[in-house]
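In each ligand, atom 1 is the first atom listed, and ligand 1 is the first ligand listed. No hydrogens, no waters, no symmetry mates; every other heavy atom, side chains included, goes into these values.
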Amino acid sequence: MAKPRVAVIVGSNRRDSINRKLAQALVKLAADEFDARFVRIDNLPMFNQDDENDLPAEVVSFKNEIGNADGVLIVTPEHDRSIPAVLKNAVDWGARPYGKNCWAGKPGFITGTSPGAIGTALAQIHLRPIMTGLGMILLGGEAYITFKPNLIDSDGNIGDETTRKFLQDFIGRFADLVTRLSRPKEERSAA
Ligand SMILES: Cc1cc2nc3c(=O)[nH]c(=O)nc-3n(C[C@H](O)[C@H](O)[C@H](O)COP(=O)(O)O)c2cc1C
């Protein structure tokens with residue numbers, strides 16, 4: 001059976017983003033469980049409701065990528081105790097126009113890293129009700145990751161063993177959720 005397909009969104013447009021590095025390491029952890037595709041958000045124009053009935057090409061492509069995915073992994077920094085503007089912009093494009101919300105029904109896993117001790121907790125706590133309000137089915141648990149120099153090793157893997165095991169558990173549970181929900185309805189009710 002084909003592996004489920006997961007869209008990966010990094011909530012940062014910074015060239016050397018630590019969240020992109022974490023996302024890449026998570027994708028490596030998940031290599032046997034799902035096929036991951038990074039979806040760009042840094043090329044999306046600023047949301048304007050005037051444009052929602054004649055969507056810019058980048059937005060159409062973004063919404064299609066999410067719409068075609070079986071699940072969404074969001075790895076985000078914290079900006080001023082909330083989510084970065086570039087991520088909120090992508091969320092809003094995904095949600096609009098009314099009736100074309102690409103987030104609805106998608107299983108999601110939210111995590112993120114920052115050098116601060118709370119490891120993006122407040123950003124994630126803001127993001128969860130936004131995404132559940134849009135109909136996403138979010139993985140339970142809290143994955144707040146403090147970025148330390150050894151978090152990602154020179155091969156791009158999670159260098160710290162405790163953190164690797166912690167995140168491997170999340171990835172395994174997320175893969176289960178995505179697999180279960182991506183099965184046709186009839187198969188799910190028979191299981
Ligand atoms: C505008 C701005 C606001 C920030 N606010 C926070 C914050 O509220 N909490 C935090 O832990 N770090 C904060 N930081 C520091 C980020 O955690 C740090 O820049 C991190 O590298 C961002 O992730 P990225 O490298 O993936 O872009 C902020 C950084 C910027 C540029």
Side-chain angles (χ1 to χ4, degrees), residues 6-31 34-48 58-59 61-62 65-66 69 71-95 102-103 106-134 136 138-171 174:
V6 168
V8 183
I9 295 177
V10 178
S12 172
N13 51 4
R14 194 168 83 85
R15 203 176 309 114
D16 296 321
S17 164
I18 55 177
N19 282 279
R20 179 165 296 277
K21 290 186 178 123
L22 176 60
Q24 286 161 340
L26 287 172
V27 163
K28 284 176 147 211
L29 282 185
F34 52 75
D35 287 327
R37 285 165 71 120
F38 281 79
V39 179
R40 282 185 73 177
I41 60 170
D42 62 318
N43 61 344
L44 301 177
M46 176 64 76
F47 179 81
N48 185 333
E58 296 87 350
V59 175
S61 158
F62 171 76
E65 290 266 14
I66 302 298
V72 183
L73 165 64
I74 303 178
V75 186
T76 185
E78 180 171 292
H79 275 185
D80 300 324
R81 298 296 186 237
S82 188
I83 61 171
V86 69
L87 178 58
K88 183 60 164 57
N89 188 50
V91 169
D92 290 345
W93 277 124
C102 68
W103 307 109
K106 298 279 172 202
F109 169 31
I110 293 173
T111 185
T113 187
S114 80
I118 60 170
T120 73
L122 286 172
Q124 293 187 47
I125 287 166
H126 278 179
L127 186 57
R128 292 185 76 89
I130 296 173
M131 301 321 288
T132 51
L134 290 171
M136 277 188 92
L138 295 180
L139 187 70
E142 299 174 305
Y144 310 138
I145 310 299
T146 300
F147 189 85
K148 303 248 170 66
N150 67 341
L151 179 69
I152 312 290
D153 68 20
S154 54
D155 295 321
N157 297 306
I158 311 269
D160 174 69
E161 197 188 336
T162 309
T163 310
R164 187 170 60 248
K165 284 188 180 150
F166 176 77
L167 286 170
Q168 186 78 68
D169 174 65
F170 274 87
I171 287 293
F174 180 50

Restricting to side-chain hydrogen bond (donor to acceptor under 3.5 Å, both in side chains), what partner residues turn up for E142, sequence neighbours left out? Y144
As a test of reading the model: which N/O atoms of the protein lie under 3.5 Å from N/O atoms of ligand 1, and at what distance?
from	atom 1	to	atom 2	distance (Å)
ligand 1	5 (N)	E78	O	3.4
ligand 1	5 (N)	D80	N	2.8
ligand 1	8 (O)	E78	OE2	3.3
ligand 1	8 (O)	D80	N	3.1
ligand 1	8 (O)	R81	N	2.8
ligand 1	8 (O)	R81	NH1	3.4
ligand 1	9 (N)	E78	OE2	2.9
ligand 1	9 (N)	R81	NH1	2.9
ligand 1	11 (O)	S114	OG	2.9
ligand 1	23 (O)	N19	ND2	3.2
ligand 1	25 (O)	R14	NE	2.9
ligand 1	25 (O)	R14	NH2	3.0
ligand 1	25 (O)	I18	N	3.0
ligand 1	26 (O)	S17	OG	2.6
ligand 1	26 (O)	I18	N	3.3
ligand 1	26 (O)	N19	N	3.0
ligand 1	26 (O)	N19	ND2	2.8
ligand 1	27 (O)	S12	OG	2.7

For F174 and F34, take the angle between the two ring planes, folded into 0 to 90°, and tell me which bin it lands in: parallel under 30, tilted 30 to 60, perpendicular over 60. perpendicular
Here the pair of heavy atoms bringing G119 nearest to S114 is CA-OG, 3.7 Å
Enumerate the salt bridge (Lys or Arg N to Asp or Glu O under 4.0 Å) contacts for residues 76-93, please, sequence neighbours excluded, ordered by first and then second residue. E78-R81, K88-D92
Contacts of D42 that satisfy salt bridge (charged side-chain N to carboxylate O under 4.0 Å, His left out) - sequence neighbours left out: R40
Here the pair of heavy atoms bringing V72 nearest to K106 is CG2-CB, 4.3 Å
